[in-house]
Amino acid sequence: MKISIDADKCCGAGQCVLVAPETFDQDDDGIVILLDPAPSDELREAVEDAIAICPANVIHVE
């Protein structure tokens, strides 16, 4: 699994950080920061939940 984000479209809701804190964080402005672009398979469910809950649809899996 390889993750990419479109930080320019991030609205700073922070839901991804709550669901998958091992993979996502936020900067001082609340914009998503990708901590791990290739998380392990055991984090797949959390990443998929973060994708589903993101209101700005900025998280993508390749």
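Quick caveat, the model's predicted, so the values are computed rather than measured.
Applying the salt bridge (Lys or Arg N to Asp or Glu O under 4.0 Å) test to pairs two or more places apart or on separate chains, those with a residue in residues 1-21 are Asp6-Lys9.
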Could you list the donor-acceptor pairs under 3.5 angstrom formed by side chains in residues 22-32, with sequence neighbours left out?
{"unit_1": "Gln26", "atom_1": "NE2", "unit_2": "Gly12", "atom_2": "O", "d": "3.4"}
{"unit_1": "Gln26", "atom_1": "NE2", "unit_2": "Gly30", "atom_2": "O", "d": "2.8"}
{"unit_1": "Asp27", "atom_1": "OD1", "unit_2": "Asp29", "atom_2": "N", "d": "2.8"}
{"unit_1": "Asp27", "atom_1": "OD1", "unit_2": "Gly30", "atom_2": "N", "d": "3.0"}
{"unit_1": "Asp27", "atom_1": "OD1", "unit_2": "Ile31", "atom_2": "N", "d": "2.9"}

Return all side-chain donor-acceptor pairs below 3.5 angstrom for residues 37-60, not counting sequence neighbours, or 'none' if the list is empty.
none

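Clustering ILVMFWY residues whenever any of their side-chain heavy atoms sit less than 4.5 angstrom apart, transitively, puts Val19 in a cluster other than the one holding Ile5.
Apart from Leu35 itself, the hydrophobic cluster it occupies contains Ile33, where clustering links Ile, Leu, Val, Met, Phe, Trp and Tyr at side-chain heavy-atom distances under 4.5 Å.
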